[in-house]
Amino acid sequence: MILPLYHFTTLPTYHLPPYHLTTYHLTTLPPYHLTTLPLSTFYFLLYTFTLNQLSLHFCKILAGKEDNIVMDATGYENLEVLGAREHNLKDINVILPRNKLVVITGISGSGKSSLAFDTIYAEGQRRYMESFSAYARSFIGDMERPDVDKINGLSPVISIEQKTTSRNPRSTVGTVTEVYDFFRLLYARAGDAYSYISGKKMMRQTEEQIIDHIMSYFAGGKLTIMAPVVRARKGHYRELFQQLRKSGYGKVRVDGMVEDIVPKMQLDRYKIHDIEVLIDRVVVNEKDRFRISQSIMTAMREGRGVIMCLDGDGNLHHFSKFLMDAENGLSYDEPAPNTFSFNSPYGACPRCNGMGVIEEITRDSIIPDPSKSISRGGILPLGEYRDIWIFKKIQAILRKHKLDISTPIRKLPEEVIDVLLYGDETPVAVASKKYPGTDWYTKFEGIIRFLEKQKSGSSDKIQKWLKEFMVISTCPECEGARLKKESLFFKIDDRNISELARMDIKTLADWMVGLEDRMTERQRKISPEVLKELRKRIGFLLDVGLDYLQLDRPLRTLSGGEAQRIRLATQIGSQLVGVLYILDEPSIGLHQRDNHRLIKALKNLRDIGNSVIVVEHDKDMMLESDHIIDIGPGAGRFGGQIVAEGAPDHFYSGDSLTAKYIRGERTIPVPLHRREGKGEELVIHKARGNNLKNIDLKLPLGKMVCITGVSGSGKSTLIHDTLFPILNTHFYRSRLTPLPFEKVEGLKYLDKVIEVDQSPIGRTPRSNPATYTGVFSDIRSLFSNLPEAKIRGYKPGRFSFNVKGGRCETCEGAGLRTIEMDFLPDVHVLCETCKGKRYNRETLEVRFKGKSIADVLDMTVEDAVEFFENQPRILRKIKTLNDVGLGYIHLGQHATTLSGGEAQRVKLATELSKKDTGKTLYILDEPTTGLHFQDIQHLLEVLNRLVDKGNTVLIVEHNLDVIKMADHIIDLGPEGGEKGGKIVVEGSPEKVTRSRKSYTARYLKEELSR
């Protein structure tokens, strides 16, 4: 069927760019309506499209069935995934609507990440790599195609995962979001400089302004014009004096004294000197203006933009073309953006190199127990007394002061301890063993000074040993600001850049309101564009619920969810269109109160023309989405199927396990009785770190305790930065320094503390759950005891992929090769020799129950429980992994592929497999990360078993299913940042719900009423 042409002659025209008028196919149509094509373009389409395609689409339009067909550059209305079989996916077909917010949910291990990341994202990444030239690809290698038949309608993909957080201590919230970069630009161009000596505003003057000032201020008086050539430096400067003499200068001012330049003149090379060359001596009057001008210009040239003038009364005056304090001559370099960067040598504090903290060896770190004597190991690095040279020296020093080496250190005078630690220039007599009756006179450099010298140039073993005595403390020079002194004295509205970086985002946004009104006229002219960008980026951070973070907060201290939301804010700021975003549980660490802000941010990303896929378990996120896909019904091999899908209304009424939990048909039952506990308490008095307001933490023992509160209220500060370091130092003598507090009581009721956080279990693909839990050592021992292994003489080391012998030497046992991509994340490709098995052929020939060591590493935890059912030592550790909801992960799964929540549960399983004492405190940080409602129930059963044995479980959590199960709740707040840091309410869940000040109480009341 050919359509009549007159139907299109009256339509509005749309002029295509010339490059569109090439071979054009339906699958690459740009995003505009077909009905807006002009007649000339329609004739062109008749020739380039097949008749059937044209007839089909235009007939639909004329019939009114598709009056609003809009296709983007892919030519597809939906994202179609056909025949996906990656990992446990069961050859599924999925159609995801484009430009919508799609939630993929399901129980842990059902295949959500396999679909979203290992199939859709992996294919997008592979297609991007294929766009490189053949020459570039020859260096990279080919990326393996995901196990899928076909993916249609795939846009450029950006993945925002939990595990991509930078571990670099120099990466901060400000640097990653670029907010700090814009502040650096603002301060470099609009900041006012102040002297760090006098506190006065520094000025810069042109040569004309300097001349006019001198002519008016010193009129009629005597004046000596000088050019500073050396300022506060050591040296003899013989060559400098020779050069000045050759240039025609006759006098210099050395350290305040005027001297003639004579042949072979030189100074004391070990003393610090100031040298100025005398340019002219004049009486200031108008008729000598030309002479004075020439002298000033000469002085400017010799002094590199700085001159000094000595008046008749002997007073010194400074002038400069650069920023200078006229009172004392202090000058700054011209500010540039890197002047305010702690990652640049031009801006970083020289003491801590821009880190804000220093590692130092202190008296307390090497003398932990002053009641011991030196002979009994009171000085930790020396150990107990031995007949060696350093002890002979110490004995000589003590003998000089009529003391003994067996005297307790606390009874030694302070001056003697200072000599022992920091040395003394006075030689001491040490009796010679080789020549009896002879004394060696030698200086003692001090134990701390000796250890400090070993920090540079020593072996790795020595460096590791030194770490035991190092304490991390705030840099005394910059006081944690990271910047050099000069950079901290550039101000806008009486604040330096470090003060802004220490504000939380909400306070910073408030400070920027009406900032132009508080600026000078010059600053207002310079700053509009920079302030516009700053406000936009700060607004994005507020939109995703990160108002409690500070710009100087290190990125490595953030939870997986916080790091994701920062990257999300950055992506919103980029304003890209036509992109597919895939996120992995962005609601982690977010209080229910702030959930709507995150959902709104995701919808904004969708509304500007992007597709958003979120792997999520959050109820609010599901109900606010456009489309839900539920994968299940079980984990591992029991999952990988589409259980239910559709719009929230349709999904809500379905029969899937997730839908039943959302409707409330299935719930995690609230306990009938709360535990009474042991009647003992651990109490921390006056905790005041970060935003904590001198609070007293009373932790009842023998209960499950939840620490709750809005994001930024002080939960991590109280538990991870105060409580845990106190306990860790007490039980294990660690070097962790707790944040400030007054005292702690109740330590006698505990004998062990275990913290289970979300940090990775390893940084490389070599780390995996089997090695971390220690079960792999038992598995290797099992294989080495097999008859075949004994015949071949294989020991347990043969089955290790970290040592030579049994491993594949091409990939050195990693199973993968790492391709460095410079500015892009590194890419891991399968080893072409062992195909990911890690071992050589001979090692793989040893089999247990028909499985090689590589087959065992490739098993899921669930399969391994059945496989090793008759190996109790191995079974105990693997079964614990299964109990915490990790039955779907593989024993040898690379640590880099585990989410923060999975890594935490691997750690939890490792600790649970050990014997408890009944007096252990377990500290968990959001253990429900990545868990479905059903999995949370399993986790709670495990934690309840621990508490029933008399242990205490302390959980920092936002999930209401966990909070309602607690015996005791401590709610911090009421807000985040500076408005938080107080205990709002504490007690049983029922008591907490009666609080009117607590946000947690409001949502908990709704949950309990269900």
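Residue numbers count from 1 along this sequence. No hydrogens, no waters, no symmetry mates; every other heavy atom, side chains included, goes into these values.
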Measuring centre to centre across the rings, with the benzene-like ring taken for any Trp, is His720 within less than 6.0 Å of Phe724?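 Here the rings of Phe724 and His720 have centres that are no less than 6.0 Å from each other.
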
So, do Tyr332 and Phe490 have ring centers that fall under 6.0 Å from each other?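 Under 6.0 Å, so yes.
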
With no hydrogens and no angle check, just 3.5 Å: does a side-chain donor-acceptor pair link [X] and [Y]?
X: Ser587; Y: Glu616; answer: yes
X: Thr507; Y: Asp504; answer: yes
X: Asp618; Y: Asn595; answer: yes
X: Glu975; Y: Tyr999; answer: yes
X: Glu957; Y: Thr928; answer: yes

Within 6.0 angstrom of [X] [atom1], more than 12 heavy atoms from elsewhere:
X: Tyr346; atom1: OH; result: no
X: Arg522; atom1: CZ; result: yes
X: Lys619; atom1: NZ; result: yes
X: Met512; atom1: CE; result: yes

Applying side chain to side chain contact (heavy atoms under 4.5 Å, CB included) between Asp971 and each of Ile983, Val710, Thr1000, report the one that passes.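 By the side chain to side chain contact (heavy atoms under 4.5 Å, CB included) criterion, Asp971 pairs with just one of Ile983, Val710, Thr1000: Thr1000.
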
Among Lys201, Lys491, Arg495, Arg204, salt bridge (Lys or Arg N to Asp or Glu O under 4.0 Å) partner for Asp192: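 Among Lys201, Lys491, Arg495, Arg204, the one that satisfies the salt bridge (Lys or Arg N to Asp or Glu O under 4.0 Å) with Asp192 is Lys201.
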
Take Ser527 and Glu516, measure what side-chain hydrogen bond (donor to acceptor under 3.5 Å, both in side chains) needs, and give me the verdict at the end. CA-CA 9 Å; Ser527 61; Glu516 289 87 344; 5.8 Å; no

